[in-house]
Amino acid sequence: MTDKPTREQWAAAADKEVKGKDLTWQTPEGIAVKPLYTAEDVADLEPGLPGFAPFTRGVRASMYAGRPWTIRQYAGFSTAEESNAFYRRNLAAGQKGLSVAFDLATHRGYDSDHPRVTGDVGKAGVAIDSVEDMKILFDGIPLDQMSVSMTMNGAVIPILAFFIVAGEEQGVERKLLDGTIQNDILKEFMVRNTYIYPPEPSMRIISDIFGYTSREMPKFNSISISGYHMQEAGATQVQELAFTIADGMEYVKYGVNSGLDIDKFAGRLSFFFAIGMNFFMEIAKLRAARVLWHRVMTKLGAKDERSKMLRTHCQTSGVSLTEQDPYNNVMRTTIEAMAAMLGGTQSLHTNALDEAIALPTDFSARIARNTQLVIQEETGMCNVVDPLGGSYYVESLTQQLVDRAWEIIERVEAEGGMAKAVAAGWPKAMIEEAAAAQAARVDRAEQVIVGVNKYRKAEEDPIDILDVDNVAVRESQIARIRKMKAARDEAACRDALDALREGARGDGNLLELAVECARRRATLGEISLAMEDVFGRHGTFPTPVQGIYGGAYIGDARWERLKQGVEATERRLGRKPRMLVAKMGQDGHDRGANLVSSAFGDLGFDIVPGPLFQTPREAAELALAENVDVVGASSLAAGHKTLIPELIGHLKDAGRADIKVIAGGVIPAQDYQYLRDAGVQAIFGPGTNLVNAAAEVLVLLGHNMPPEQEAAE
């Protein structure tokens with residue numbers, strides 16, 4: 001019998017094979033991942049058993065062997081009628097729960113007839129202006145039999161009120177309503193920015209929803225604490241994990257401080273995580289999240305084990321999807337879905353292959369949904385509870401994530417909790433620095449994206465996309481608003497809105513008061529405005545990070561030539577070239593805009609970071625006031641065909657057609673010619689290398705690049 005080889009013998013054999021190359025991988029989280037893990041790495045770790053504290057291996061003893069995760073598809077577009085038809089087709093094809101996407105006008109508390117939302121209605125979700133829309137949305141879908149998840153934070157009060165009244169008028173008692181409302185405002189202030197009110201009244205809204213649902217809706221999850229948008233904004237998995245758990249702690253503290261028994265509401269809290277392409281890291285992240293939540297809830301005084309049990313929905317990553325070679329996205333989504341499953345999610349949405357470009361078509365949505373069905377029905381993966389439990393690598397990585405996330409959580413707590421940390425701005429800055437560092441790694445091809453910065457096709461194949469007629473949707477929504485207002489009891493509606501306004505000034509439960517407004521046919525905009533009259537509307541200005549993107553290019557010859565080009569342009573103009581980075585419409589996702597600001601700023605451009613939610617007229621006025629040379633219009637929510645041409649028109653009317661307008665973000669290739677015809681000078685889609693973009697902008701500004709720079713193009 002031969003002796004077992006030692007770890008040292010393995011190291012010597014591996015070193016001989018790779019000729020001294022260090023095989024250790026440094027992750028973006030700063031974790032050193034070794035090429036080999038053995039029992040020595042987990043000697044002091046005991047993951048326990050599924051269904052038992054601290055739930056490392058899953059929240060149920062039987063996990064998927066007893067019941068698979070719920071298959072959801074996050075969807076909503078155009079009108080309530082169109083979305084309803086889409087939902088019913090999906091449910092017939094095997095989907096098990098609904099996950100509603102609302103348009104940005106709805107998220108921001110505006111009715112479809114508001115002048116600020118002309119480019120947003122129906123584009124990135126379904127338009128919901130009243131309880132009449134909500135009733136149509138769920139027509140033929142029994143709300144006492146269907147779990148409904150709603151991604152809503154800013155206008156959470158009117159949306160939840162409409163849902164409750166739609167259930168009532170379907171004959172469904174509130175106590176039978178099942179589902180989840182996202183209701184996570186702290187992450188909105190940190191990364192997604194679809195807020196309405198300032199932080200303090202926003203936190204009061206959450207407490208009021210906790211109070212109402214704990215009394216009236218025992219089956220309903222009153223909050224889904226979301227890390228998803230943090231990772232989409234650029235957070236590392238450690239940052240996403242830490243800040244999400246810290247957000248949850250803050251919400252629980254607010255609930256307790258408002259007089260609620262922790263064990264009366266904590267069991268209805270749920271979580272929402274992104275699942276990206278770092279396969280084992282994502283598996284370990286979900287396991288670590290359960291350990292951390294059990295720890296913090298014990299610390300906060302929960303006694304019921306259900307209160308300490310982290311249940312989560314997951315969604316495959318949107319930011320990992322590529323416009324280039326988009327059929328690769330099918331494989332990406334499959335890998336991410338497997339990670340969510342192996343990590344122990346309770347429900348899952350799989351993104352469609354075309355979502356880097358537009359809303360999914362029926363064709364692509366079917367592939368995304370069937371990805372989950374194939375995993376559940378064909379692979380045998382669900383037959384074993386936590387199949388990776390005991391893996392040397394996974395158990396070690398889980399513990400490392402627990403430890404690193406806990407360090408950040410302890411900092412948050414030492415500085416007064418997550419609300420104060422968000423107000424101070426350091427979590428947002430930390431995430432933006434991580435995003436800039438990742439963008440530099442991708443642009444330098446240090447992080448490979450197949451079909452984008454490696455193995456790229458010579459020519460991209462066109463794919464069919466879903467295009468929503470924004471004008472037609474808005475007209476139909478306005479007609480329905482007018483019809484409903486004409487038929488309602490106006491005095492009763494005004495009384496209900498006045499009561500809500502007074503409740504906001506005092507201590508009335510805002511959701512309870514809004515339910516009465518919904519019954520009286522108040523619109524979403526009217527309910528939101530009644531609270532805005534008391535709370536005000538929140539606004540922030542972006543502050544781009546500096547030195548992170550450019551720091552990755554120190555010593556890079558091409559980068560230095562570009563900096564020289566910026567300096568030459570500065571000498572010619574008598575000042576630095578100046579660019580306004582504009583975010584028009586109600587889309588608050590600002591990762592792309594912030595990255596452009598950071599990269600161009602590091603090159604030497606004078607950057608004017610425009611405020612969020614501008615109208616085209618406001619963006620044009622800011623461009624004129626700042627005397628910019630270029631306006632970079634960032635688009636993510638499909639309003640580009642409405643908003644950008646209007647911006648160009650305002651600049652022309654002011655006699656400044658010389659200001660170059662460029663566009664970037666999620667813009668389908670099919671729309672490029674339309675924008676060029678409207679006067680857009682350059683278009684940069686998803687996956688654009690920012691160094692290439694800067695070179696093109698310098699040419700637009702009249703700088704002649706040296707031959708070697710042109711060759712690099």
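- Remark: the backbone N or O of Pro360 is not paired with any side-chain donor or acceptor of Glu355 at under 3.5 angstrom.
- A salt bridge is absent between Arg192 and Asp590; no separation between the charged side-chain nitrogens and carboxylate oxygens falls under 4.0 Å.
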*Stepwise, does the ring-ring contact (aromatic ring centres under 6.0 Å, His included) test hold for Tyr37 with Tyr393?*
CA-CA 6 Å; Tyr37 286 80; Tyr393 177 34; 5.0 Å; yes
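- Donor-acceptor pairing under 3.5 Å is lacking for the side chains of Thr350 and Arg369.
- Using a 4.5 Å heavy-atom cutoff, the side chains of Met63 and Arg60 are in contact.
- Side-chain contact between Tyr251 and Leu269 is absent, with no heavy atoms from C-beta onward closer than 4.5 Å.
- Taking the centre of each ring, Trp293 and Phe271 come in below the 6.0 Å mark.
- Listed by chain and number, the residues in a side chain to side chain donor-acceptor pair (under 3.5 Å) with Asn453 amount to none (sequence neighbours excluded).
- The pair Lys285-Glu240 meets the salt-bridge criterion, since a charged nitrogen lies less than 4.0 angstrom from a carboxylate oxygen.
- Contact check for Val33 versus Gln26: no side-chain heavy atoms found under the 4.5 Å cut-off.
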*From CA spacing to verdict: side chain to side chain donor-acceptor pair (under 3.5 Å), Thr398, Arg287*: CA-CA 6 Å; Thr398 298; Arg287 303 169 99 251; 3.1 Å; yes
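- Interatomic distance, OG of Ser597 versus OH of Tyr549, reported as 13.0 Å (0.5 Å rounding).
- Ion pairing between a basic and an acidic side chain is recognised when a charged N comes within 4.0 Å of a carboxylate O; Asp461 and Lys457 show such pairing.
- Between Gln182 and Lys187, the side chains place a donor N or O and an acceptor N or O closer than 3.5 Å (distance only, hydrogens not considered).
- Between Tyr553 and Arg558 the shortest side-chain heavy-atom distance does not fall below 4.5 Å.
- Side-chain contact between Leu49 and Arg57 is present, with heavy atoms from C-beta onward closer than 4.5 Å.
- Defined by atom type and a distance below 3.5 Å, a donor-acceptor pair is present between the side-chain atoms of Gln237 and Glu282.
- Between the Gln372 side chain and the Leu348 main chain, a donor and an acceptor come within less than 3.5 Å of each other.
- Evaluation of the ring-ring contact (aromatic ring centres under 6.0 Å, His included) rule for Phe600 yields Phe605 as partners, not counting sequence neighbours.
- To the nearest 0.5 angstrom, Asp556 atom CG is 11.0 Å from Lys563 atom NZ.
- Classification of Arg404 and Glu407 as a salt-bridged pair fails, no side-chain N sitting under 4.0 Å from a carboxylate O.
- Residues Asn328 and Val330 form no side-chain contact, since every pair of their non-hydrogen atoms from C-beta on lies 4.5 Å or further apart.
- In this structure, Tyr228 and Phe272 have parallel ring planes: the angle between them is below the 30° cut-off, well short of the 60° mark.
- Salt bridge status for Arg411 with Glu415: present, with a side-chain N to carboxylate O gap under 4.0 Å.
- No side-chain heavy atom of Asn692 sits under 4.5 Å from any side-chain heavy atom of Thr688.
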